[in-house]
Each structure stands twice: as structure tokens, then as C-alpha cells.
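Here is the structure we will look at, set down as C-alpha cells.
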Amino acid sequence: MNLAVAERFPLPLFRQGFKTGLSIAIGFMPVAFTFGLLAKSSGLSLYETLSMSILVFAGASQYIALTLIAAGVGALELITTTFIVNIRHLLMSASISEKSADDPKWLKALYSFFITDETFSIAATGKDKIQAAYMFGLGSIAYGSWVVFSGVGYLIGAGLPQILQDSMGIALYALFIGLLVPSAKTSKKVILLAAIAAVVNCILTFATAMSTGWTIIISTLVSSILIEMIWKEETDRA
Amino acid sequence: MHESYFWVIIGMAAVTFIPRMLPLVAFKMDAIPPFVRGVLKNVPYAILGALIFPGIITFNENIWMGIIGALTAFIAAYFGASLVIIVLCSIVVLGLVGFVFTHFSLL
């Protein structure tokens with residue numbers, strides 16, 4: 001039994017995920033802190049604020065929820081908006097599914113909770129099959145940071161100094177760039193995929209009233225499908 | 001506490017978790033055609049492009065903060081730094097830039 005557990009859940013993989021997830025945890029600190037602060041000024045209790053971070057774990061929709069709560073919208077609109085903003089996770093989960101190792105379904109269901117833009121990006125750009133142990137390590141430190149700093153922001157009740165807001169706001173973008181560059185160095189296909197999605201997303205964002213959730217899904221699908229149609233594998237041996 | 005908000009939060013949690021869980025539990029990878037598998041393989045890199053732009057340009061009122069931050073991250077990543085180092089370098093550089101801008105009233 002011990003052997004079976006150790007084989008199914010290798011600790012080194014968990015630690016590796018945890019260590020890599022530190023970059024997300026750092027990026028989440030100022031975002032979660034500010035969320036907690038805004039939640040307080042929106043009239044939520046500490047219990048409600050923590051409940052949202054603990055149960056939802058999706059930054060963009062939590063922020064939007066605060067705006068909607070302050071505007072006094074109803075429950076149905078709140079839940080519908082959350083669904084729309086987070087629908088891109090459906091695509092991310094499908095992509096992870098394509099790359100996941102043969103873990104039991106219940107383990108996959110559990111670690112799917114940790115799928116965010118950030119954890120997805122790290123897991124999906126790795127070289128190996130995605131293992132449950134790695135996902136739990138990656139997700140748990142990101143999740144811990146998100147929940148703890150939501151509470152800290154709420155309790156402190158004062159905004160971050162401007163210089164910290166300005167500098168720490170770059171963290172998650174730096175993370176995404178840090179994931180993209182190593183792959184782009186070795187593959188023109190990666191460069192094209194990212195560039196096309198970026199251009200389409202800019203167009204949709206500035207030229208339409210579409211919400212971020214939809215623009216990201218559409219940009220990603222347009223780019224992924226287009227490249228899949230026109231790219232010949234032989235020309236990308238690197 | 002307002003009872004209604006807690007149940008709204010439960011609803012938000014449900015509509016967030018279900019899309020995350022369904023593909024991982026319901027997909028039978030063997031049944032998916034090669035073209036679709038190829039598209040799914042492309043998704044991580046495409047979505048990184050969409051997550052970076054235009055957000056990085058608009059995350060701060062001063063467009064240069066985004067540009068300088070992006071350049072710092074790019075350089076660190078290009079030379080093989082780990083993710084934590086890349087994130088910390090970008091924060092430190094922007095902290096210094098922010099301090100200089102503020103100190104000399106350049107903002």
C-alpha cells in the first residue's frame with residue numbers, strides 16, 4: 001500500500017511543481033492583496049471574501065464580481081458573468097487533457113480545480129506528460145498565495161504603495177513571457193502561434209466590446225486552428 | 001453577513017469548476033482526431049500570446065512600464081533564467097524605474 005501510494009504520487013514531482021509554482025505565488029500576492037482590499041470597500045465580509053478566493057480561485061472573475069456586487073446586480077447575472085469570463089478554462093482543460101498522464105479520473109477532477117491561466121501555462125509548456133503530483137504541487141502554492149493574500153489585503157485595509165503597485169503588476173506578464181521565450185527560441189511555429197493570437201486579441205479587445213474571456217478563447221482558437229491547417233511538420237524539425 | 005452572497009459565491013464556484021473538470025474527466029483521447037489533437041497541442045503557445053497582449057501594454061497608465069517590464073523579462077528568459085528569477089528581475093527593474101520616474105517627476 002505504501003509502495004502503491006508512493007508510485008502514484010511521487011514526492012519529487014510534487015516538490016518540483018511547488019518550486020515552479022513559487023513564481024505564480026509571487027505574482028498572485030499583489031493581485032490577491034488588492035482583491036481583498038477592494039472586497040472590503042465593496043461591502044463584503046471577511047468570510048465572503050475568503051469564501052470567494054477559496055471556492056472560486058479565478059482572479060479575473062472575482063474582480064468582475066466585485067464590480068457587479070457594487071453595482072447591485074442580481075445573482076443570476078453574477079453567476080452568468082463568472083461563467084463567461086472563465087470559459088477559457090474549458091479550452092485550457094481540454095489542452096491539458098491531451099497532455100495528461102494516465103492518472104485516475106478522480107485525481108484529475110481534483111487537480112482541475114487548480115487550473116488558472118498561470119498554472120495552465122506552466123504545466124502545458126513543460127516537456128513531459130502532466131502528472132497529478134506535479135499539478136498538486138504547482139496548484140497548492142499558487143492557491144495558498146491567492147487565499148492568504150486575499151485575507152491579508154482585506155485585514156490590512158490599506159492599498160499597496162504606488163511603487164509596489166507599478167512594479168509588482170508586471171509579475172504575471174513576466175511569467176508568461178518567461179514561459180514563451182524558451183519555446184520560441186527553438187520553434188518558429190511557437191512564434192507564429194503567439195503572434196497571431198496576440199494580434200487577434202488586440203484587434204478584438206480594441207475594436208469590439210467583447211469581454212476578455214471571449215477574446216482570449218477566440219484568439220487562441222483562431223491561431224491554433226490556422227497554424228494547424230497551414231503548418232507542415234517537416235519544416236519544423238528543431 | 002448577507003446570506004445571498006454566500007450562495008452566489010457557491011454558484012460562481014460551480015460554473016468555474018465544471019468547465020475546468022469536464023474535459024479532464026470526460027475526454028477519451030483515443031477518440032479524438034489527429035487534427036484536433038494538433039490544435040490542442042497548439043493552444044498553450046497561442047494562449048500565451050493572447051494573455052500577454054494587449055494586457056502588458058495597458059497594465060499601467062505609463063506605457064513605458066509595460067515595455068520596460070516586457071524587455072526585462074524577455075532578456076532574462078532569453079538567457080535561460082528560471083521563472084522565479086524572471087519574475088523578480090522584472091519587479092525590481094520596474095521598482096527602480098518607478099522610483100526614478102517619481103523622484104524626478106517624470107511621470
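Reckoned from all heavy atoms, side chains included, excluding hydrogens, waters and symmetry mates. Computed from a predicted model, the values in this text were never measured in an experiment.
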So what's closer than 4.5 Å to chain A heavy atoms on B:Leu88: side chain, backbone, both or neither? side chain
Which bit of B:Thr58 comes within less than 4.5 Å of chain A, counting heavy atoms only: side chain, backbone, both or neither? side chain
Does some side-chain heavy atom of B:Pro19 sit less than 4.5 Å from a side-chain heavy atom of A:Ile87? no
How long is the span from the CD1 atom in B:Ile18 to the CG atom in A:Asn86, to the nearest 0.5 Å? 12.0 Å
Minimal heavy-atom distance between A:Ile163 and B:Gly98, with the atoms involved, is CD1-C, 4.2 Å
So, do B:Pro44 and A:Ser95 sit near enough that their side-chain heavy atoms are less than 4.5 Å apart? yes
Which heavy-atom pair separates B:Leu48 from A:Ser121 by the least distance, and what is that distance? CD2-OG, 3.6 Å
Could you walk me through whether A:Ile191 and B:Tyr45 pass the side-chain contact (heavy atoms from CB on, under 4.5 Å) check? CA-CA 8 Å; A:Ile191 295 176; B:Tyr45 306 104; over 6 Å; no
For B:Leu22 and A:Ser93, what are the C-alpha separation, side-chain angles and deciding distance, and is it a side-chain contact (heavy atoms from CB on, under 4.5 Å)? CA-CA 8 Å; B:Leu22 274 183; A:Ser93 182; over 6 Å; no
Does any part of the side chain of A:Lys189, heavy atoms only, come nearer than 4.5 Å to the side chain of B:Asn42, both counted from C-beta? yes
Toward chain B, the part of A:Ala94 with a non-hydrogen atom under 4.5 Å: both
On a heavy-atom basis, the closest approach of A:Gly178 and B:Ile86 is CA-CD1, 3.7 Å
Please give me the minimum heavy-atom distance between B:Gly11 and A:Ile79, naming the atom from each residue. CA-CD1, 3.7 Å
For the CG atom of A:Leu91 and the CD1 atom of B:Ile47, what is their distance to the nearest 0.5 Å? 5.5 Å
Could you tell me if the side chain of B:Val87 sits less than 4.5 Å from the side chain of A:Leu22, heavy atoms only? no
Walk me through whether A:Ile26 and B:Ile91 qualify under side-chain contact (heavy atoms from CB on, under 4.5 Å). CA-CA 10 Å; A:Ile26 293 169; B:Ile91 293 173; 4.0 Å; yes
Can you tell which of B:Ile10, B:Val84, B:Leu96 has the highest number of heavy-atom pairs within less than 4.5 Å of chain A? B:Val84
With rounding to the nearest 0.5 Å, note down the distance linking CZ in B:Arg37 to OG in A:Ser97. 9.0 Å
Do B:Ile56 and A:Ile177 have side-chain heavy atoms sitting under 4.5 Å apart? yes
Picking from B:Gly69, B:Ala46, B:Gly66, B:Ala73, which has the most non-hydrogen pairs under 4.5 angstrom with chain A? B:Ala46
Check whether any side-chain heavy atom of A:Asp166 lies under 4.5 Å from a side-chain heavy atom of B:Phe101, and answer yes or no. no
How close do B:Gly95 and A:Ser167 get, heavy atom to heavy atom, and via which atoms? N-CB, 3.4 Å
Take a 6.0 Å sphere around OH of B:Tyr78 and say whether it holds more than 12 heavy atoms from other residues, nucleotides or ligands. no
Which heavy atom of B:Phe59 sits nearest to which heavy atom of A:Gly169, and what is that distance? CE1-C, 3.6 Å
By a 4.5 Å heavy-atom criterion (distance strictly below it), what part of A:Ile217 contacts chain B: side chain, backbone, both, or neither? neither
Should B:Met12 and A:Leu55 count as side-chain neighbours, where that means a heavy-atom distance under 4.5 Å? no
Nearest-0.5 Å distance that lies between atom OH in B:Tyr5 and atom OG in A:Ser45: 10.5 Å
Does any N or O in the side chain of B:Arg20 come within less than 3.5 Å of the main-chain N or O of A:His89, such that one atom is a donor and the other an acceptor? no
Test side-chain contact (heavy atoms from CB on, under 4.5 Å) applied to A:Ile170 and B:Ile68, step by step: CA-CA 10 Å; A:Ile170 194 73; B:Ile68 293 171; over 6 Å; no
CD1-CG distance between B:Ile52 and A:Leu180, expressed to the nearest 0.5 angstrom: 5.0 Å
Approximate separation, where rounding is to 0.5 Å, of B:Phe35 CZ and A:Glu228 CD: 5.5 Å
Please find out if less than 6.0 Å separates the ring center of B:Phe17 from that of A:Phe57. no
With a 4.5 Å cut-off on side-chain heavy atoms, are B:Thr16 and A:Phe113 touching? no
